[in-house]
J.: 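Okay, handing you the structure first.
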Amino acid sequence: MRKKVLLLAVSCREGGLCPGGIDLDDPSKWIRIVRDDGQGGAVQGREIDFAKPLDIIEFDGRPMPQGAQQENWVIDNNSCRKTGSRTQDALESIYQQYAYKGFWGNYRAFLNEQEFAGVVSPSESIMKVSNVRIYNRTYNVDGEERVSAKIDFNWSGARYRITGLSMTDQDFYDRIRDGEVTFDNAYIVISIPKYCDWIFPETGEKRAYKFVSRIYEI
């Protein structure tokens, strides 16, 4: 099947990329590009013709849904080609047309197993947020120091303060190396994983952590 997609996110993932965007034949829907490996793995830049966010790609492909990520597609026969691009001025129209603008029923950085099992919404959301803060958090795992990129923001007219979400927008990794980045308003692309399979070590509770894959300052 021939698909035409306006990419909104091309984030880092497990040694590759996780590209996704709006189905231009039906802008209410999302299409996420994954590898045809049975695991929905990351793709390489050459597989999407080295396209970037706000580029338009066209390809022959087929759906490859997995778990909560029913929007996954694979590209057949190396057919993907970049055919155009849009400017950031298109984002408000995209935001209005896209079907899901929620946070999956709670205001935490994760869903527990029961919450995840009840998800019927798309696995991708586009949100308009304010008071954005992007930063690195250092933490210790088994005596080893690790750094993780995080984002905080207000949502829904600043009624809800969301803190500590993982951030995989590679455009910000260098920018936050020497300190946090803040701005007033943004559109963000945010996802939930395929499965609820991260186990919180202190309690044994299964969790599915949300993550922000793209940030557009307004």
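Since this is a predicted model, take the numbers as computed values, not measurements.
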J.: Let me see the working for Val74 and Asp37 under side-chain contact (heavy atoms from CB on, under 4.5 Å), right down to the final yes or no.
T.: CA-CA 9 Å; Val74 299; Asp37 59 1; over 6 Å; no
J.: Check the hydrophobic clustering (I, L, V, M, F, W, Y; side-chain heavy atoms under 4.5 Å; chains of links allowed) and say if Tyr173 and Ile134 are grouped together.
T.: yes
J.: Find out whether the Lys NZ or Arg CZ of Arg214 is both under 6.0 angstrom from the six-membered ring centre of Tyr216 and within 45° of the ring's axis.
T.: yes
J.: Do Val129 and Trp155 have side chains that get closer than 4.5 Å, going by heavy atoms?
T.: yes
J.: What distance do Phe153 atom CZ and Ile162 atom CD1 have between them, rounded to the nearest 0.5 Å?
T.: 5.5 Å
J.: Might you confirm whether atom CD of Gln114 has over 12 heavy atoms from other residues, nucleotides or ligands at distances under 6.0 Å?
T.: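 Count not over threshold, so no.
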J.: Asp169 side chain to Ile215 main-chain N or O, any donor-acceptor pair under 3.5 Å?
T.: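 Here the side-chain-to-backbone pair exists.
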J.: Taking ring pair (Phe, Tyr, Trp, His ring centres under 6.0 Å) as the test, write out the residues that go with Phe211, two or more places apart.
T.: none
J.: Rounded to the nearest 0.5 Å, how far does CZ of Phe59 lie from CG of Asn78?
T.: 13.0 Å
J.: Under 3.5 Å, is there a donor-acceptor pair between the side chain of Asp49 and the main chain of Ala51?
T.: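 No, because the side chain of Asp49 does not come within donor-acceptor range (under 3.5 Å) of the backbone of Ala51.
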J.: Verify, without hydrogens or angle tests, whether Asp55 (side chain) and Lys52 (backbone) share a donor-acceptor contact under 3.5 angstrom.
T.: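 Checking the backbone N and O of Lys52 against the side chain of Asp55, a donor-acceptor pair under 3.5 Å is found.
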J.: Determine the sole option in Phe116, Tyr195, Trp198 for which the ring pair (Phe, Tyr, Trp, His ring centres under 6.0 Å) test with Tyr209 is passed.
T.: Trp198
J.: How would you list all residue pairs meeting salt bridge (Lys or Arg N to Asp or Glu O under 4.0 Å) that involve residues 147-156, not counting sequence neighbours?
T.: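 Checked against salt bridge (Lys or Arg N to Asp or Glu O under 4.0 Å) - neighbours excluded - the pairs reaching residues 147-156 are Arg133-Asp152.
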J.: With a 3.5 Å distance limit and no angle check, can you tell me whether Glu71 reaches the backbone of Ser123 through a side-chain donor-acceptor pair?
T.: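 Yes: the side chain of Glu71 pairs with the backbone of Ser123.
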J.: What distance do Lys206 atom NZ and Cys196 atom SG have between them, rounded to the nearest 0.5 Å?
T.: 7.0 Å
J.: Are the side chain of Ser79 and the backbone of Asp60 linked by a donor-acceptor contact shorter than 3.5 Å?
T.: yes
J.: Take Val132 and Asp184 through the side-chain contact (heavy atoms from CB on, under 4.5 Å) test and state the conclusion after the steps.
T.: CA-CA 6 Å; Val132 179; Asp184 292 336; over 6 Å; no
J.: Output the distance between atom CG (Asn131) and atom CG (Asn154), rounded to the nearest 0.5 Å.
T.: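 Between Asn131 CG and Asn154 CG, I get 4.5 Å after rounding to 0.5 Å.
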J.: Of Ile31, Ile48, Asp25, which meets side chain to side chain contact (heavy atoms under 4.5 Å, CB included) against Val5?
T.: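 So, applying the side chain to side chain contact (heavy atoms under 4.5 Å, CB included) to Val5 and each of Ile31, Ile48, Asp25, only Ile31 qualifies.
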J.: Does Arg159 CZ have over 12 foreign heavy atoms under 6.0 Å away?
T.: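 No - once you tally the heavy atoms of other residues, nucleotides and ligands closer than 6.0 Å, there are 12 at most.
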J.: Compare every heavy atom of Pro193 with every heavy atom of Ala208, then report the nearest pair and how far apart it is.
T.: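 For Ala208 and Pro193, the tightest heavy-atom pair comes out as CB-CG, 3.8 Å.
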J.: Kindly work out whether a path of hydrophobic side-chain contacts (I/L/V/M/F/W/Y, heavy atoms less than 4.5 Å apart) joins Ile218 to Ile22.
T.: yes
J.: Measure the CD1-CZ distance between Ile56 and Arg86 for me, rounded to the nearest 0.5 Å.
T.: 4.5 Å
J.: Same hydrophobic cluster for Leu165 and Val189, using side-chain heavy-atom links shorter than 4.5 Å among ILVMFWY?
T.: yes
J.: Minimum heavy-atom separation for Arg175 and Val181, please, with both atom names.
T.: NH2-CG1, 3.7 Å
J.: Please tell me whether Tyr187 and Leu24 are part of a single hydrophobic cluster in this structure, the criterion being side-chain heavy atoms less than 4.5 Å apart.
T.: yes
J.: Is there a side-chain contact (heavy atoms from CB on, under 4.5 Å) between Leu54 and Ser85 once you walk through the steps?
T.: CA-CA 6 Å; Leu54 297 178; Ser85 61; 5.6 Å; no
J.: Taking Met167 as the fixed residue, which of Ile188, Asn136, Ile151, Ile190 is the one that meets the side chain to side chain contact (heavy atoms under 4.5 Å, CB included) rule?
T.: Ile151
J.: Following the transitive rule for hydrophobic clusters with a side-chain heavy-atom cut-off under 4.5 Å over Ile, Leu, Val, Met, Phe, Trp and Tyr, establish whether Val212 and Leu111 coincide in one cluster.
T.: yes
J.: Among Arg2, Lys3, Lys29, Arg32, which one satisfies salt bridge (charged side-chain N to carboxylate O under 4.0 Å, His left out) with Asp23?
T.: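 Output: one option passes, namely Lys3.
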J.: Quick check: do Glu115 and Arg108 have side-chain heavy atoms less than 4.5 Å from each other?
T.: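 Sidechains of Arg108 and Glu115: in contact.
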J.: Less than 4.5 Å apart, any side-chain heavy atom of Leu7 and any of Pro53?
T.: no
J.: So for atom NZ, which belongs to Lys194, do other residues, nucleotides or ligands contribute more than 12 heavy atoms lying within a distance under 6.0 Å?
T.: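 It does: Lys194 NZ has more than 12 such atoms within range.
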J.: What do the steps show when you test Leu8 against Ile126 for side-chain contact (heavy atoms from CB on, under 4.5 Å), and what is the final call?
T.: CA-CA 10 Å; Leu8 291 186; Ile126 302 174; 3.9 Å; yes
J.: Would you say that more than 12 heavy atoms from the other residues, nucleotides or ligands in this model lie under 6.0 Å from the CG of Asn106, or not?
T.: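 Check passes, neighbour count above 12.
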J.: For Val10, does its backbone N or O pair with a side-chain atom of Gln170 as donor and acceptor, under 3.5 Å?
T.: yes
J.: What's the separation between atom NZ in Lys4 and atom CG in Asp26, rounded to the nearest 0.5 Å?
T.: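 Result: 14.5 Å between the selected atoms.
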J.: For residues 97-105, dump all side-chain donor-acceptor pairs below 3.5 Å to protein atoms at least two apart in sequence or in another chain.
T.:
{"residue": "Gln97", "atom": "NE2", "partner": "Ser93", "partner atom": "O", "Å": "3.3"}
{"residue": "Gln97", "atom": "NE2", "partner": "Ser93", "partner atom": "OG", "Å": "2.9"}
{"residue": "Tyr98", "atom": "OH", "partner": "Glu124", "partner atom": "O", "Å": "2.9"}
{"residue": "Tyr100", "atom": "OH", "partner": "Phe103", "partner atom": "N", "Å": "3.4"}
{"residue": "Tyr100", "atom": "OH", "partner": "Trp104", "partner atom": "N", "Å": "2.8"}
{"residue": "Lys101", "atom": "NZ", "partner": "Tyr95", "partner atom": "O", "Å": "3.1"}
{"residue": "Lys101", "atom": "NZ", "partner": "Tyr98", "partner atom": "O", "Å": "2.7"}
{"residue": "Trp104", "atom": "NE1", "partner": "Pro122", "partner atom": "O", "Å": "2.9"}

